[in-house]
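Notes for the one structure printed next.
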Amino acid sequence: MSERYEAQEIEAKWQQQWHASGIDAACDDDDRESYYCLVMFPYPSGNLHMGHVRNYCLGDAVARYKRMHGFNVLHPIGWDAFGLPAENAAIKHKRPPAEWTYANIDQMRVQLKRLGLSYDWSREIATCHPGYYRWEQWLFTRLMEKGLAYQARAEVNWCDPCHTVLANEQVVEGACWRCDTPVIRKNLKQWFIRITDYAEELLADLDKLDGWPEKVIGMQRNWIGKSSGAEVSFRLEGSDETLEVFTTRPDTLMGVTYMAVAAAHPLAKKAAEANIDLADFLEECSKISTKEADVETMEKKGMATGFNAVHPITGASVPVWVANFVLMGYGTGAVMSVPAHDVRDFDFARKYDLPVKQVIAPETGDWDITAAAFTEQGQLINSAQFDGLPSPDAKAAITGWLAKNGKGSERVQYRLRDWLVSRQRYWGAPIPVIHCADCGAVPVPDEQLPVVLPTDLQPTGGASPLNDCAAFRHTDCPRCGKPAERELDTFDTFMESSWYMNRYTSPRSADAMVDAGDMARWAPVDQYIGGVEHAVLHLLYARFYHKLMRDAGLFTSEQCGDEPFKNLLTQGMVLKDGTKMSKSKGNTVDPKAIIERFGADTARLFTLFAAPPEKELEWNDAGVEGAHRFLKRVWRLLEKVDAASDGDDDAAAVKLMRRTIHTTIERVTHAFEHGFAFNVAIAAQMELANALQDFLPQGQSGKAAYREGVQVLATMLAPFVPHFACEMGERLGMEQVAVLAPWPVADQAALEQDEITLVVQVQGKKRGEIVIGKDAGQDEALAAAQADYAIHKWLDGMQIVKVILVPGRLLNIVVKPA
RNA sequence: GCCGAGGUGGUGGAACUGGUAGACACAAGGGACUUAAAAUCCCUCGGUAGAAAUACUGUACGGGUUCGACUCCCGUCCUCGGUACCA
């Protein structure tokens with residue numbers, strides 16, 4: 001048993017054995033409690049990077065740990081296979097994207113398998129397969145029937161290099177999330193899904209997600225951006241037209257001194273028709289891309305339109321201005337300006353010498369309204385019949401007055417907008433719609449689904465090749481039978497990733513999007529693990545989709561919940577030299593090289609040990625070697641298993657050894673149960689390994705304790721380094737293969753100590769330790785402390801004022817000079 | 001600006017519910033084995049003073065609560081992540 005640790009051999013052997021025995025498959029028919037562990041599936045770029053490795057090692061540790069606790073675990077994997085990189089590669093290599101995608105999948109599958117991840121490969125899915133996207137098309141047609149999916153002309157974000165529109169969520173600081181090019185606003189007819197109908201539920205259900213990081217919940221809450229206030233209608237002077245505004249501060253309505261509209265507002269355009277200067281100004285505003293709209297640098301600018309509005313309560317005339325800080329995309333594209341109580345309005349009023357009228361006074365103290373805006377709530381002044389009311393009451397009173405007089409109403413405004421799902425791209429799921437000159441946009445009937453994407457087209461970089469594919473484009477209207485055309489846009493790829501977690505429960509179902517029985521067994525996902533970069537995009541859409549599927553009657557909220565992911569772990573990034581790994585920086589680490597040199601187990605161990613899961617992980621080659629060294633050290637523990645000497649039992653040493661073993665079990669288990677602190681779990685096992693290394697097993701009980709320790713170590717290492725653990729287990733003659741062995745339970749008897757070490761403090765400072773009977777009371781402990789030389793000198797000449805005993809931990813003696 | 005997370009040795013990081021700060025590991029230094037190297041093993045490793053025992057000091061900074069604070073409270077500074085003329 002003294003041969004070297006040969007990672008490559010061992011890993012090949014066990015991977016083959018696991019595969020042959022099918023131990024990683026989830027059982028659909030099983031009495032065990034089920035547990036669904038899911039990692040975010042990869043885009044098949046062709047190469048596994050360290051971020052993937054970290055993600056999947058975390059997931060695998062969880063899945064294996066749960067299996068060892070007797071759960072029937074679903075741990076699937078698949079491919080988020082539609083998307084732009086495939087088209088770009090297709091252009092470059094002049095091969096259809098399907099070919100590139102499937103070749104990459106084959107390559108990455110090999111890489112994943114080499115890591116020894118315990119996936120149920122029988123459930124593998126690729127979203128570009130018609131058997132998958134068929135059901136996405138099916139659901140979409142249901143949504144069309146319900147009016148939840150619709151086509152509309154709107155100002156949308158267009159990315160030129162990507163040659164497609166983008167959803168709001170895909171615009172990051174005014175630029176395309178994928179290629180970082182500033183987006184252009186275009187007015188186009190596009191397909192949307194009415195996520196705003198679910199805004200309230202998406203917001204309210206965030207409270208149910210107690211297994212999610214606060215950070216992600218906060219980000220989603222901000223994204224949905226609910227604000228309550230009132231809509232107020234201002235009539236335009238000399239006209240029947242009105243200008244609608246939304247405000248969160250109806251209590252300040254009496255302080256309105258002017259109005260401001262966005263440059264893109266119809267009223268601004270109308271005013272510009274007769275005003276060259278204003279037209280120039282609008283032109284200037286439209287050129288400013290959102291990205292450049294830097295708060296610090298961008299000056300507040302405006303220009304009067306010449307229109308005046310009538311204050312709904314006082315009847316006073318207030319001028320209407322165009323202002324570059326008013327956004328057409330939020331609320332109504334127009335605001336009422338209350339310079340006395342809004343910083344922005346205040347600055348603007350100063351610049352253009354507009355009047356400031358204070359209508360809110362602080363509850364206590366004074367406020368110099370000429371110096372700055374007072375933005376707090378307070379008490380109303382200068383507000384006629386509303387004078388004296390505190391802000392909250394005034395909001396209700398003023399909104400009530402407006403409603404009664406038909407000039408406004410209470411209103412809730414969301415920042416969230418409907419999800420734009422159509423893309424002018426080829427490599428995506430076809431939108432199942434047929435455009436008929438007579439019948440309009442007709443959903444493709446169920447029996448004609450899926451609308452299969454032709455996979456042999458060659459993209460060129462411009463418009464989608466679907467436009468030129470007559471066989472795809474021309475069809476007959478399902479309603480009237482006349483010649484008609486297919487919709488040529490495809491779905492946003494976030495559509496596919498929004499429901500894959502549910503599809504995994506019945507990945508081959510040809511009868512339904514998901515099987516209700518399988519959903520009831522597995523859904524929702526117990527533990528979801530992935531990068532925090534999806535906090536808003538994917539995780540919001542997936543939550544939405546789960547509700548859509550529920551409301552389509554595919555499953556019930558009683559059985560599957562209203563939310564797809566019960567617990568979420570957002571892993572940190574993998575860094576090298578303090579920054580994100582990237583090809584352009586040349587600081588990437590190839591997982592393949594690490595595996596070839598040290599084996600998969602070493603790679604796994606290091607990624608789990610070097611940092612807590614949610615923190616960033618700094619790659620460190622020396623650290624990898626350290627992880628490998630640890631495995632070699634554990635391996636060498638095998639040597640002593642049979643070679644123990646036959647001397648006398650050393651009862652005290654054995655007892656201590658067993659105590660170490662069983663406290664380690666408790667520590668490791670605790671680390672797993674509290675936030676998957678794998679780095680701590682591994683550290684505890686390193687300590688056990690060190691203790692075993694220093695232990696000289698003598699006699700029968702010594703041998704037994706030693707073997708027990710090595711066996712416990714092999715078992716508890718299984719979720720992290722499964723091949724290594726299995727080989728150890730086999731060599732130890734363990735009954736079960738290590739990865740299926742029951743998780744060890746600490747033997748309470750072994751934890752018992754007759755004598756304990758108590759830390760003794762005087763005035764809260766550590767002054768020594770005493771060894772004392774475990775049940776010793778305060779008096780006994782105090783007596784022992786007083787008898788201890790090192791402690792006694794701190795008590796000499798002192799009067800004991802107070803004694804605090806923390807059982808099993810410490811004794812604190814409070815004294816004062818006698 | 002707002003929201004969130006955080007600030008502990010040379011480094012990554014431990015420390016339960018307020019109870020021995022720095023576990024575990026990396027790096028560094030010293031030593032053993034070796035003809036030599038690799039591998040392996042042993043020792044030291046927050047700061048100051050000391051040969052040592054030990055003492056003082058130390059968890060961003062300033063206060064506070066407590067017998068006792070990395071942990072709780074108040075204030076300040078800084079870092080990171082998210083988000084933003086959101087009306």
Side-chain angles (χ1 to χ4, degrees), chain A residues 4 172-173 213-223 225-227 229 232 245-249 252 260 262 290 293-296 298-300 323-327 329-338 342-345 347-348 413-415 532-533 535-536 570 572-573 575 606 609-612 614-627 629-630 632-633 636 666-667 670-671 674 677 679-690 693 757-769 790 793 801-815:
Chain A
R4 284 180 52 192
V172 182
E173 288 179 11
E214 270 308 315
K215 175 168 126 170
V216 176
I217 291 177
M219 284 166 75
Q220 294 220 352
R221 188 168 281 132
N222 285 342
W223 190 264
K226 180 180 182 177
S227 54
V232 188
V245 301
F246 170 71
T247 178
T248 55
R249 293 292 303 272
T252 65
T290 349
D294 232 17
V295 189
E296 314 301 331
M298 193 168 142
E299 201 185 339
K300 286 172 183 55
N324 63 350
F325 62 83
V326 180
L327 306 175
Y330 187 78
T332 59
V335 296
M336 59 181 224
S337 294
V338 188
D342 181 282
V343 176
R344 226 176 16 204
D345 295 346
D347 294 346
F348 193 83
Q413 175 74 30
Y414 297 93
R415 205 184 83 109
V532 73
E533 64 272 21
V536 178
T570 50
M573 284 192 303
L575 309 179
F606 174 74
F609 175 66
E614 63 282 353
K615 269 193 88 162
E616 298 185 329
L617 176 127
E618 174 68 32
W619 192 263
N620 175 354
D621 291 325
V624 179
E625 287 185 47
R629 223 163 19 230
F630 168 69
K632 287 199 281 188
R633 216 159 61 230
R636 261 180 271 120
E666 288 201 316
R667 290 169 67 195
H670 182 268
H674 291 85
N679 57 325
V680 182
I682 292 167
Q685 294 186 70
M686 286 176 167
E687 284 185 62
L688 175 58
N690 292 345
Q693 202 175 341
T757 302
L758 210 57
V759 167
V760 180
Q761 296 182 336
V762 178
Q763 311 291 59
K765 288 193 177 194
K766 183 185 170 185
R767 296 302 182 193
E769 289 176 353
K793 65 181 181 189
V801 180
K802 194 173 177 183
V803 178
I804 296 116
L805 176 73
V806 183
R809 284 200 167 267
L810 63 69
L811 181 76
N812 189 13
I813 304 164
V814 186
V815 295

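Predicted model, so just to flag it, every value in this text is computed and none were measured. Reminder, nothing fancy here: chain letters follow the sequence lines and each chain counts from 1.
OP1 or OP2 of B:C41 sits under 4.0 Å from a side-chain N or O of A:Q693. Side-chain nitrogen and oxygen atoms of A:R415 include none within less than 4.0 Å of the OP1 or OP2 phosphate oxygen of B:C2.
Looking at A:Q761 and A:L811, their side chains never come closer than 4.5 Å, going by heavy atoms from C-beta outward. Residues A:N690 and A:R633 meet the side-chain proximity criterion, which asks for heavy atoms closer than 4.5 Å. Inter-residue side-chain proximity for A:I804 and A:L810 is flagged as unmet; no heavy-atom pair is nearer than 4.5 Å. You'll find the side chain of A:F348 reaches within 4.5 Å of the side chain of A:F325, heavy atoms only.
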Polar atom pairs between nucleotides 19-29 of chain B and protein, under 3.5 Å, N or O only, would you list them?
unit_1 : atom_1 : unit_2 : atom_2 : d
B:G19  : N2     : A:N812 : ND2    : 3.4
B:U20  : O2     : A:K766 : NZ     : 2.9
B:A23  : O2'    : A:E687 : OE1    : 3.3
B:A23  : O2'    : A:E687 : OE2    : 2.8
B:A25  : OP1    : A:R633 : NH2    : 3.3
B:A25  : OP1    : A:N690 : ND2    : 3.2
B:C26  : OP1    : A:R629 : NE     : 3.4
B:C26  : OP1    : A:R629 : NH2    : 2.6

Close N/O contacts between protein and nucleotides 4-9 of chain B (under 3.5 Å):
none

Under 3.5 Å, which protein N or O atoms sit close to an N or O of nucleotides 44-53 of chain B? Give each pair with its distance.
none

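Judged as a side chain to side chain donor-acceptor pair (under 3.5 Å), and not counting sequence neighbours, the contacts of A:R249 are A:D251. Taking A:N222 as the reference, nothing meets the side chain to side chain donor-acceptor pair (under 3.5 Å) condition, with sequence neighbours excluded. Residues forming a salt bridge (Lys or Arg N to Asp or Glu O under 4.0 Å) with A:K615 (at least two apart in sequence, or on another chain): none. Judged as a salt bridge (Lys or Arg N to Asp or Glu O under 4.0 Å), and not counting sequence neighbours, A:E618 has no contacts. Considering only residues two or more places apart in sequence or on other chains, A:R344 meets the salt bridge (Lys or Arg N to Asp or Glu O under 4.0 Å) condition with A:D342. Remark: A:K226 engages A:E200 in a salt bridge (Lys or Arg N to Asp or Glu O under 4.0 Å) (not counting sequence neighbours). A:R221 is linked by a side chain to side chain donor-acceptor pair (under 3.5 Å) to A:D207, counting only residues two or more places apart in sequence or in another chain. In this structure A:D347 satisfies the side chain to side chain donor-acceptor pair (under 3.5 Å) test with no other residue, sequence neighbours excluded.
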Subject >> Derivation and outcome, side-chain contact (heavy atoms from CB on, under 4.5 Å), residues A:T248 and A:Q413 >> reply: CA-CA 9 Å; A:T248 55; A:Q413 175 74 30; over 6 Å; no
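Rounded to whole Å, the separation between the P atoms of B:C86 and B:C3 comes to 14 Å. Between the P atoms of B:G64 and B:C70, the separation comes to 15 Å (whole Å). For the P atom pair drawn from B:A36 and B:A51, the interatomic distance equals 36 Å after rounding to whole Å. B:A27 and B:G9 are spaced 12 Å apart, taking the C1' atom of each and rounding to whole Å. Comparing B:G31 with B:C45, their C1' atoms are spaced 15 Å from each other, to the whole Å. Using atom P as the reference point in both B:C24 and B:C61, the two lie 26 Å apart (nearest Å). Only the C1' atoms considered, B:U8 is 10 Å distant from B:A15, to the nearest whole Å. Comparing B:G46 with B:G10, their C1' atoms sit 10 Å apart, to the nearest whole Å.
Remark: P of B:U83 and CH2 of A:W223 are 7 Å apart, rounded to the nearest angstrom. Atom P of nucleotide B:A87 and atom OH of A:Y330 are separated by 5 Å, given to the nearest angstrom. Note: CH2 (A:W619) to C1' (B:U11) measures 17 Å, nearest angstrom. Computed from coordinates, the A:L617 CG to B:U11 P distance equals 17 Å when rounded to whole Å. Straight-line distance from the CG atom of A:D345 to the P atom of B:C86: 10 Å, rounded to whole Å. Atom NZ in A:K802 sits about 9 Å away from atom P in B:G68, given to the nearest Å. What separates CD of A:Q763 from P of B:C67 is a distance of 11 Å, to the nearest Å. One interatomic measurement links the two molecules: CG of A:L327 to P of B:A87, which rounds to 11 Å at whole-angstrom precision.
Between B:A39, B:A87, B:U57, one nucleotide has an atom nearer to the side chain of A:K765 than all others, and that is B:U57.
Within the 4.0 angstrom heavy-atom criterion, only backbone atoms of the sugar-phosphate kind lie near A:E616; the bases stay farther away. The residue A:V326 sits close to a base: some heavy atom pair falls under 4.0 Å. A:E614 comes within 4.0 angstrom of nothing in the nucleic acid, heavy atoms only. Using a 4.0 Å heavy-atom cutoff across all strands shown, A:P612 reaches sugar-phosphate atoms only and no base atom.
Here the closest non-hydrogen pair linking A:A262 and A:V326 is CB-O, 3.2 Å. Nearest heavy-atom pair across A:Q220 and A:A535 is NE2-O, 2.8 Å.
Position along RNA chain B of the nearest nucleotide to A:T332 versus A:A677 favours A:A677 as the more 5'-ward residue.
Base orientation for B:G9: syn, the chi torsion being within 90° of 0.
Put simply, the side chain of A:H670 never gets that close to the backbone of A:E666: no donor and acceptor are under 3.5 Å apart.
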**OP:** Using Watson-Crick or G-U wobble pairs with both distances under 3.5 Å, give me RNA chain B in dot-bracket, 5' to 3', with [ ] for crossers and | for pairs to another strand.
**Re:** (((((((..(((......[....))).(((((.......))))).((((....))))..(((((..]....))))))))))))....
